[in-house]
Amino acid sequence: MQCTPITHSGYQLFQQGSITLAEMECNGIRIDTDYINRAQKQLNVKIQKLTVRMQKDEVYRIWKRKYGVKMNFGSREQLGDVVFNELEGTHGTRTKTGRYKADKAALENIDLLFLRRYTKLEQFKKASSTYLKGIQRHVDSEGFIHPFFALDTVRTFRSSSTDPNLHNIPVREPFIKKLIRRGFIPREPNRHIVEHDFSGIEVKTAACYNHDPTLLRYIRDKKSDMHRDMCMQIYHLTINEYTDALRHCAKNKFVFPEFYGDWYINCAKSLWNVVNQLHLKTKTGEDVYKHLRRHGITKLGHCTPGETPLPHSFEGHVKRVEKDFWENRFRVYTEWKWDWWEDYLDRGFFDTLTGFRIAGAMDRKKVINYPIQGSAFHCLLWCITRINKLLRKYKMKTKLIGQIHDSVIGDVLHRELKDYIEIAHQVMTIDLRKHWSWIIVPMDVDAEVSPMGRSWFEKEKYKP
DNA sequence: CAACAAAGCGCG
DNA sequence: AAAGCGCGCTTTGTTG
């Protein structure tokens, strides 16, 4: 892995950053080991009960009849074979090795209780084997884990985390989130877990590269809202009809994927299917499919690459939204993407705003995404180094214990709470921008604090 | 038995 | 012409 800071600033960032990350690793995170052990036992009971319930299902019997003693309930290959070859009215797509694709998204297209339960079971197994077991494996004799952070493994000059990986602790599914995060506690009863998150840092970093006026306005004008606007356009909603849930879909199933280089066919499928999966309604309580029908959209469409979308299809609509998105709304962003790609083709490398050179063979999407992803993380890395220095300068007992790409986690002494939050806020919103003049947009940070002595799960938005 | 690749899923 | 960026970890299945 090539790791080439090209400027003094980039070199300093990684030299100092390495030390900060090593200190975090050394500090470690206190684990409520009794809780984790209890949770593991309870979860295994749930897994057992669900497995027994599923054994009475007709699909299970078909599976058993076909595979006999070779039946393996954990085998997606066998599941795909049973679902797509033995059941009526199912048709699957295949992976590049010829197996049936049998991931969560593929199974969700089939309306079967057995498959809903299978997905839930797999989720529980993941929580048990990767997270609870992973934590148990790594706790030291004092009840601490020491997630490791590497700076020399990631193509974009982000960091990675291992043993255990602190970068993918569950948060999106509420039950699993609580199950796992409840086990991360402050090192003493008179402390808090405190997490500071940069909000929208990748979008802001992108804007610092491409200087797109529309994107800059969305960032600077607090009354404007890019995800809301896209939500309204995608689902044909007025300002009075959109909901937070629909806005969330637009953000995560259109805007971010498009920024990363996805295209309308994938976006249309997931934007359409999520309506059914989450039973989404408009603010006025209307079914979203019904609402779209009133606006002339009656079906998803075939979503076949190379084929023209059918009239009155959602696919065709999203294709037009995508065209408008890149040709009108973010025209300057589009121009930057082409210019940046051309410059890379001429030179064989590109330099980040944070002082790194990324060279070697890359396709167009990588060339666009790498500098943005890397620079966004470098903002966080600079901040944690600065915060750490200030903690030492003021002889504080608060310790930094982890980092998740755009957030920093502190184990904060109760009497230092106000000071710590003041310091982190100052560094992340003011000092960072003084350090890097290329940051031409405001930086915002959200602080979340656990009640004294309570877990990471229990953190709440900080109110002074 | 070990080593490896593929598939899948957790996160930003 | 191709068709989502970056990771780490676990299980399954194959190979030797």
Side-chain angles (χ1 to χ4, degrees), chain A residues 1 70-80 94-107 118-119 121-135 137-138 147-173 176-177 179-181 195 197-203 205-206 252-270 303-307 319 322 337 358 362-377 379-380 402-408:
Chain A
M1 173 62 54
K70 292 211 162 140
M71 175 178 183
N72 182 348
F73 207 35
S75 168
R76 300 280 183 146
E77 190 173 10
Q78 289 183 13
L79 176 70
R94 295 183 185 264
T95 67
K96 62 182 172 188
T97 55
R99 294 169 43 166
Y100 281 113
K101 194 149 184 57
D103 62 8
K104 189 166 171 288
L107 301 180
Y118 192 88
T119 301
L121 182 69
E122 287 295 299
Q123 191 177 56
F124 290 167
K125 285 194 196 168
K126 174 101 176 167
S128 170
S129 62
T130 300
Y131 297 103
L132 294 176
K133 218 163 124 203
I135 290 166
R137 183 183 316 131
H138 288 104
F148 173 73
F149 301 103
L151 276 181
D152 60 356
T153 59
V154 182
R155 198 72 171 94
T156 60
F157 296 101
R158 257 195 187 179
S159 68
S160 64
S161 173
T162 57
D163 306 305
N165 180 357
L166 191 71
H167 286 169
N168 66 350
I169 304 299
V171 68
R172 294 175 194 173
E173 206 291 311
I176 306 291
K177 171 186 181 182
L179 185 77
I180 307 300
R181 292 185 176 224
E195 184 167 358
D197 277 67
F198 276 123
S199 69
I201 186 124
E202 283 214 19
V203 170
T205 305
N252 292 308
K253 296 175 187 300
F254 183 83
V255 178
F256 286 158
E258 286 285 346
F259 280 162
Y260 290 141
D262 207 350
W263 67 323
Y264 73 94
I265 287 196
N266 288 339
C267 294
K269 277 194 259 186
S270 61
C303 294
T304 310
E307 266 183 31
K319 185 176 183 179
E322 180 187 64
K337 289 201 291 188
I358 300 180
M362 288 170 272
D363 63 32
R364 193 166 155 266
K365 287 189 293 289
K366 289 182 166 73
V367 169
I368 301 306
N369 288 326
Y370 283 5
I372 296 167
Q373 186 184 102
S375 304
F377 168 69
C379 291
L380 191 275
Q403 152 276 130
I404 311 174
H405 306 302
D406 66 353
S407 77
V408 54

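We name chains A, B, ... by the order of the sequence lines, and we start the count at 1 in each one.
A:Lys101 comes within 4.0 angstrom of the backbone, heavy atoms only, and of no base. Using a 4.0 Å heavy-atom cutoff across all strands shown, A:Ile169 reaches sugar-phosphate atoms only and no base atom. Residue A:Ser161 is in sugar-phosphate contact alone, with no base atom involved, counting any heavy-atom pair closer than 4.0 Å across all strands shown. Across all strands shown, A:Arg76 has heavy atoms under 4.0 Å from sugar-phosphate atoms exclusively, and none from any base. Using a 4.0 Å heavy-atom cutoff across all strands shown, A:Asp363 reaches no nucleic acid atom at all. If you check every strand for non-hydrogen atoms under 4.0 Å, A:Lys365 touches sugar and phosphate atoms only. At the heavy-atom level, A:Asn168 lies under 4.0 Å from base atoms of the strands shown.
Contact detail for A:Gly80 and A:Tyr100: the closest heavy-atom pair is O-CD1, 3.7 Å. What you find for A:Gly134 and A:His138 is that their closest heavy atoms are O-ND1, 2.9 Å. Listed here is the closest heavy atom pair of A:Ile372 and A:Glu202: CG2-O, 3.5 Å.
Using a 30° and 60° split on the angle between ring planes, A:Phe73 and A:Tyr118 fall in the perpendicular class, above 60°. The aromatic rings of A:His405 and A:His167 lie tilted to each other, with the angle between the two planes from 30° to 60°.
Between A:Asn165 atom CG and C:dG6 atom C1' there is a gap of 12 Å when expressed in whole angstrom units. The distance between atom CD of A:Glu122 and atom C1' of C:dT12, rounded to the nearest whole Å, is 11 Å. Rounding to whole angstrom units, CZ of residue A:Arg94 and P of B:dG8 are separated by 13 Å. One can place CG of A:Leu79 at 14 Å from C1' of C:dT11, the figure rounded to the nearest angstrom. In this structure, the NZ atom of A:Lys70 is 13 Å from the C1' atom of C:dT14, given to the nearest Å. For the pair A:Ile135 CD1 and B:dG10 P, the interatomic distance rounds to 15 Å; values are reported in whole Å. For the pair A:Ile358 CD1 and C:dC5 C1', the computed distance is 12 Å after rounding to whole Å. What separates CD of A:Glu77 from C1' of C:dT10 is a distance of 17 Å, to the nearest Å.
For the residue pair A:Thr205/A:Ser375, the side-chain donor-acceptor check at 3.5 Å is not satisfied. Defined by atom type and a distance below 3.5 Å, a donor-acceptor pair is missing between the side-chain atoms of A:Gln373 and A:Tyr260.
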Derivation and outcome, ring pair (Phe, Tyr, Trp, His ring centres under 6.0 Å), residues A:Tyr370 and A:Phe157: CA-CA 8 Å; A:Tyr370 283 5; A:Phe157 296 101; 9.3 Å; no
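In this structure, A:Lys319 does not pair ionically with A:Glu322, as no charged nitrogen and carboxylate oxygen lie closer than 4.0 Å. Electrostatic pairing of A:Lys70 and A:Glu77 does not count as a salt bridge here, judged by no charged N lying under 4.0 Å from a carboxylate O.
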Reading 5' to 3' and counting Watson-Crick or G-U wobble pairs with both distances under 3.5 Å, write the dot-bracket notation for DNA chain C, | for bases paired outside the strand. ....||||||||||||
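In the set B:dA7, C:dC9, B:dC11, B:dA7 carries the atom at the smallest distance from any side-chain atom of A:Arg99. Of all nucleotides listed (B:dC9, C:dA3, C:dG8), B:dC9 comes nearest to the side chain of A:Asp103. Listed nucleotides: C:dG6, B:dG12, C:dG8. Nearest to the side chain of A:Thr162: C:dG8. Minimum atom distance to the side chain of A:His405 is reached by C:dG6, of the listed C:dG8, C:dG4, C:dG6. The listed nucleotides are B:dG10, B:dG12, C:dT10; the one nearest the side chain of A:Gln123 is B:dG10. The side chain of A:Gln373 lies closest to B:dG12, out of C:dG4, B:dG8, B:dG12. Taking only side-chain atoms of A:Ala102, from C-beta outward, the nucleotide of C:dG13, C:dT10, B:dG8 with the closest atom is B:dG8. Of all nucleotides listed (B:dG10, C:dC9, B:dG12), B:dG10 comes nearest to the side chain of A:Pro170. Here the side chain of A:Asp262 is nearest to one of C:dG6, B:dA7, C:dG4, namely C:dG4.
At C:dT12, one or more side-chain N or O atoms of A:Asn72 fall inside 4.0 Å of OP1 or OP2 (strictly under the cut-off). For the OP1/OP2 pair of C:dT10 and a distance below 4.0 Å, the side-chain nitrogens and oxygens of A:Arg137 include at least one atom meeting the criterion. OP1 or OP2 of C:dG8 lies within a sub-4.0 Å distance of a side-chain N or O belonging to A:Ser160. Listed pair A:Arg172 / B:dG12 meets the phosphate criterion, a side-chain N or O lying under 4.0 Å from OP1 or OP2. Distances shown here put every side-chain N or O of A:Lys177 at or beyond 4.0 Å from the OP1 or OP2 atom of B:dG10. Between A:Ser75 and the phosphate of C:dG13, there is a side-chain N or O to OP1/OP2 separation shorter than 4.0 Å. OP1 and OP2 of B:dA6 both lie 4.0 Å or more from every side-chain N or O belonging to A:Thr97. For C:dG4, one of the phosphate oxygens OP1 or OP2 lies less than 4.0 angstrom from a side-chain nitrogen or oxygen of A:Asn266.
On a pure distance criterion of 3.5 Å, no polar donor-acceptor pair joins the side chain of A:Lys366 and the base of C:dC5.
Annotation: C:dA3 and B:dA7 have their P atoms spaced 16 Å apart (nearest Å).
Where stacking is scored as ring centres under 5.5 Å apart with planes under 30°, A:Tyr260 does not register as stacked on the base of C:dG4.
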